[in-house]
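Counting starts at 1 for both ligands and their atoms, following the listed order. Since the structure is predicted, the reported quantities are computational estimates derived from the model, not experimental observations. Each residue takes its place number in the sequence, starting with 1.
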Amino acid sequence: MNSPERLQHRVSARMADIDPFHVVVLVTRAKALEAQGRSIVNMVIGEPDAPVAPVIAEAGIRAIQTGQVRYTPGLGTTALRESIADWYRVRYGVELPASRIGVMPGSSGALLMTMGVLIDPGDEVLMADPSYPCNRHFVRTMDGRAVCIPVGADTGYQLTAELVERHWSPRTRAVMLATPSNPTGTLIGFDELRAIHAVTTRHGGVLIVDEIYHGLTYGQPDRTALEFTDDVFIINSFSKYFGMTGWRLGWMVMPQAYVPDVEKLAQNLFISASDIAQQAAIAAFSAEAVAVHEARREAFREQRDFLLPRLQGLGFDIPIEPEGAFYIYANCSRLTNDSYAFCLDILETAGVAIAPGLDFGSHRAAEHVRFSYPKPIPVLAEGIERLRHYLNR
Ligand SMILES: Cc1ncc(COP(=O)(O)O)c(C=O)c1O
């Protein structure tokens with residue numbers, strides 16, 4: 001029926017450029033298989049299974065019980081912003097005024113605000129391919145253009161100052177990095193980070209560094225770009241190290257001059273982040289919670305050390321040991337020439353869920369898969385056994 005009373009289905013042109021997560025197809029199928037009674041080893045989702053640290057949960061419950069759960073200021077409560085500033089002082093030795101911190105609904109909110117205040121239509125943002133898929137969509141949502149630069153093992157799957165220089169154009173507005181990276185777990189060396197910042201600012205651009213996997217590095221301390229500059233956008237979150245994915249809380253540190261605009265945009269787009277989550281998150285910095293998080297970091301390292309050599313033994317090529325996050329980005333070209341079909345078949349046949357390279361970009365995507373490893377070692381061992389059986393058929 002095509003009467004004028006019917007809603008016309010017409011979406012904005014930008015929606016054609018927003019790709020779905022292919023992992024969602026896999027997750028949905030994995031759930032359907034589980035509902036049929038199949039056991040699935042799930043190494044697809046980027047979050048640990050462990051419950052939130054009890055002291056955080058208790059603070060959240062207390063917040064609800066006070067009955068005082070309200071809108072907060074657009075950039076978050078003073079108490080939480082000050083706790084975050086303290087964290088930078090203790091953890092990194094960086095002095096930061098709490099006024100430069102904006103508390104957001106997840107680092108996703110922080111990324112959206114950052115793009116919102118920086119990007120005009122047609123502006124370009126340089127980023128690595130592979131990288132976190134939502135980044136190019138944040139840029140597209142602001143009618144900017146994500147320039148995804150192919151990277152490989154030779155640069156640790158990261159941008160370098162030389163690559164930034166080579167891809168700079170008159171339309172380039174910003175450079176987006178993530179260290180440690182999703183999907184590769186690799187870091188950017190501190191000197192390289194400084195060099196990328198120097199090239200970016202020399203060209204009049206802005207550097208955005210996603211530090212959401214800070215706290216989850218193995219064998220070396222985290223270094224933040226805030227150690228050498230105030231002129232940078234830092235993105236961070238309570239989701240990963242602090243284990244609070246579902247609480248939807250993150251933050252950004254911005255140059256002082258951008259604070260009023262970010263505040264204005266945040267107030268308009270979501271008023272404030274969740275007050276319950278903000279009240280609870282103060283406890284995430286307590287010694288008790290940090291002890292839980294540090295023990296988890298140690299467990300993740302053991303899980304990585306368990307999985308990595310076993311995947312190599314099965315024929316996956318992993319040229320660089322991932323030093324952070326909880327992902328292993330593996331080349332599977334000795335096993336398949338279509339990693340998406342491979343992931344679908346492994347799920348159906350072996351009952352193991354992993355993510356295809358396609359979700360993280362297009363550069364050699366069909367040759368790669370991502371394993372998310374924050375799982376108990378017996379679960380990882382079962383995954384390896386199933387894969388061995390599958391590959392030896
Ligand atoms: C690199 C990176 N940045 C940002 C996010 C968004 O996380 P959140 O919105 O939960 O803070 C993720 C989530 O997986 C990520 O991997």
Results of salt bridge (Lys or Arg N to Asp or Glu O under 4.0 Å) for Arg248 - residues two or more places apart only
none
Selection residues 32-53 - residue pairs positive for salt bridge (charged side-chain N to carboxylate O under 4.0 Å, His left out), sequence neighbours left out
Asp49-Lys375
Among pairs that include at least one residue of residues 144-158, which meet side chain to side chain donor-acceptor pair (under 3.5 Å), considering only residues two or more places apart or in two chains?
Glu124-Arg145
Other residues, nucleotides and ligands only: do more than 12 of their heavy atoms fall within 6.0 Å of CG on Asn337?
no
Tested for side-chain hydrogen bond (donor to acceptor under 3.5 Å, both in side chains) against Glu323, the lone hit among Arg301, Arg304, Gln220 is Gln220
Table of N or O contacts for ligand 1, cutoff 3.5 Å:
{"residue": "ligand 1", "atom": "3 (N)", "partner": "Asp210", "partner atom": "OD2", "Å": "2.6"}
{"residue": "ligand 1", "atom": "7 (O)", "partner": "Ser107", "partner atom": "OG", "Å": "3.3"}
{"residue": "ligand 1", "atom": "9 (O)", "partner": "Ser107", "partner atom": "N", "Å": "3.3"}
{"residue": "ligand 1", "atom": "9 (O)", "partner": "Ser108", "partner atom": "N", "Å": "3.0"}
{"residue": "ligand 1", "atom": "9 (O)", "partner": "Ser108", "partner atom": "OG", "Å": "2.5"}
{"residue": "ligand 1", "atom": "9 (O)", "partner": "Arg248", "partner atom": "NH2", "Å": "2.8"}
{"residue": "ligand 1", "atom": "10 (O)", "partner": "Ser239", "partner atom": "OG", "Å": "2.6"}
{"residue": "ligand 1", "atom": "10 (O)", "partner": "Arg248", "partner atom": "NH1", "Å": "2.8"}
{"residue": "ligand 1", "atom": "11 (O)", "partner": "Ser107", "partner atom": "N", "Å": "2.8"}
{"residue": "ligand 1", "atom": "11 (O)", "partner": "Ser107", "partner atom": "OG", "Å": "2.8"}
{"residue": "ligand 1", "atom": "11 (O)", "partner": "Ser237", "partner atom": "OG", "Å": "2.6"}
{"residue": "ligand 1", "atom": "11 (O)", "partner": "Ser239", "partner atom": "OG", "Å": "3.4"}
{"residue": "ligand 1", "atom": "14 (O)", "partner": "Lys240", "partner atom": "NZ", "Å": "2.9"}
{"residue": "ligand 1", "atom": "16 (O)", "partner": "Asn182", "partner atom": "ND2", "Å": "2.8"}
{"residue": "ligand 1", "atom": "16 (O)", "partner": "Tyr213", "partner atom": "OH", "Å": "2.7"}

For a 4.5 angstrom cut-off between non-hydrogen side-chain atoms, does Asn331 reach Phe316?
no
